[in-house]
2 protein chains.
Amino acid sequence: MRLVVARCQVDYAGRLTAHLPMATRVLMLKADGSVLVHSDGGSYKPLNWMSPPCTVREGVGEDGRVEWVVTGKNDDTLRIVVDEVLHDSRHDLGVDPGLVKDGVEKHLQELLAEHPASLAEGLTLVRREYPTAIGPVDLMCRDAAGASVAVEVKRRGEIDGVEQLTRYLELLNRDPLLAPVRGIFAAQEIRPQARVLAADRGIACAVVDYDALRGMDDSEHRLF
Amino acid sequence: MRLVVARCQVDYAGRLTAHLPMATRVLMLKADGSVLVHSDGGSYKPLNWMSPPCTVREGVGEDGRVEWVVTGKNDDTLRIVVDEVLHDSRHDLGVDPGLVKDGVEKHLQELLAEHPASLAEGLTLVRREYPTAIGPVDLMCRDAAGASVAVEVKRRGEIDGVEQLTRYLELLNRDPLLAPVRGIFAAQEIRPQARVLAADRGIACAVVDYDALRGMDDSEHRLF
DNA sequence: ATTTAGATGTCGCCT
DNA sequence: AGGCGACGTCTAAAT
């Protein structure tokens, strides 16, 4: 990883052409050849960049100024003309162990599939990702009395999630073999608006304690 | 802009939770408070980040290690525990003049709408973004003989663009008021595969000289 | 301010 | 490898 702060001008030609006038910016040159041009604002997206795989060629322009030409696929090129270097350092970062994502809807769904009774007394799983014509229902269950229960799982319960579950219920209740099907809207946090809408639709809300569920999961699987 | 290279551990909690184990990474702390955590690979997307508006609070953890807690909207938090700082520098970048994009499909379409004859002798524009049930046709024209011509504009002509035009032509030719409609696939550069497919479908290809078109545009509008 | 469509999207899963 | 969908999507234009 090489970090450079420099007054520079950048031109990109590839899918489109783009130009950055001369100004002071941060250049990040990664080990795989990729280059990022960042300013002191905006979001995580650079002003300009070249994605790997690509190669950097350092040269000297007509006027004697240093320039980098980064070549990617499809003859995409990023040309950086450097007017003045204010900082230049190299760092050995090694390989990153990588990001661990957790608490994503999928994981929450898996945990609830293992512990459906945490949603309602006596609930048992029929199947996860129960297929319907308009998409899969997160969890299809049966309650203690044997009636069908459709569960929609979200990390944050908002109105559109309730709408989604409503559509599923409307469809599922047309099937005489399943009807009547009731719904449970399960989330770590449920917004007041969503709660009101769910009540209006006759849908139950279940606030899920993610850490507690994960604890149950650990104790079952690891036994120590 | 502050650039830090450090052995650090990062935890994010917001829409999801994510964890980065202790490793050496680059931290970019921008003037607006936003923070980017980059490794020495991947694309321009950081491993983890906090978008503005947000605030950074520098503190000391229980074990005496420096930590940054970045707080954003909706109680999103990014917590960075620093084990060892390998580099730390600050830079005044000033305000960036910003990116100038050019040659995006829309711009090319505008230029061709002004100069349809550059695609084929005697071609005149009927309308731009001609609506159909499956989406708008970039340019609908008429040739010297009065027959309809549908034009699909791309910066780079690839197979999917030919497929797109094929779908439009298939639909447009069902309309007895328009049929027969022929097609022109216009791009600054047309890939051999796309050219072959277009020929097979009876679609003409037109390679557009963007700079020449822009020149015509300038001379018309600026007159100097 | 809110919504909508495009993006040099990127990323991951699946066939 | 190629297609499809989700994303902490981001971004800018139009309403």
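Per chain, numbering begins at 1; letters A, B, ... match sequence-line order. What's counted below: heavy atoms across the whole structure, side chains too, no hydrogens, waters or symmetry copies.
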>> Measuring only the P atom in each nucleotide, how far is dA6(D) from dT8(C)? A whole number of Å is fine.
In response: 22 Å
> Say you pick atom P in dC11(C) and the same atom in dT11(D); how far apart are they, in whole Å?
Replying inline: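 Per the computed distance, 15 Å lies between those P atoms.
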> Within the structure shown, what part of the strands sits under 4.0 Å from M50(B) by heavy-atom distance: base, sugar-phosphate, or nothing?
Replying inline: base
> Testing V35(A), L78(A), L27(A) for side-chain contact (heavy atoms from CB on, under 4.5 Å) with W68(A), which one passes?
Replying inline: L27(A)
Once you round it to whole Å, what is the distance between [atom2] of [N] and [atom1] of [X]?
X       : N       : atom1 : atom2 : result
K154(B) : dT8(C)  : NZ    : C1'   : 14 Å
L16(B)  : dC11(C) : CG    : P     : 15 Å
D75(A)  : dT8(C)  : CG    : C1'   : 15 Å
D76(A)  : dT8(C)  : CG    : P     : 11 Å
L36(A)  : dT8(C)  : CG    : C1'   : 13 Å
K73(A)  : dT10(C) : NZ    : P     : 11 Å

Return yes if some donor-acceptor pair links the side-chain N/O of [X] with the main-chain N/O of [Y] below 3.5 Å, else return no.
X       : Y       : result
R79(B)  : E67(B)  : no
D32(A)  : G41(B)  : no
N173(A) : V181(A) : yes

>> Are the side chains of L112(A) and V208(A) in contact, using a 4.5 Å heavy-atom criterion?
In response: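 Result yes, sub-4.5 Å side-chain heavy-atom pair found.
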>> Within the 4.5 Å heavy-atom criterion, are E58(A) and V56(A) side-chain neighbours or not?
In response: no
>> Walk along nucleotides 10-15 of chain D from 5' to 3' and tag each nucleotide B, S or - by protein heavy-atom contact under 4.0 Å, base first, then sugar-phosphate.
In response: SS----
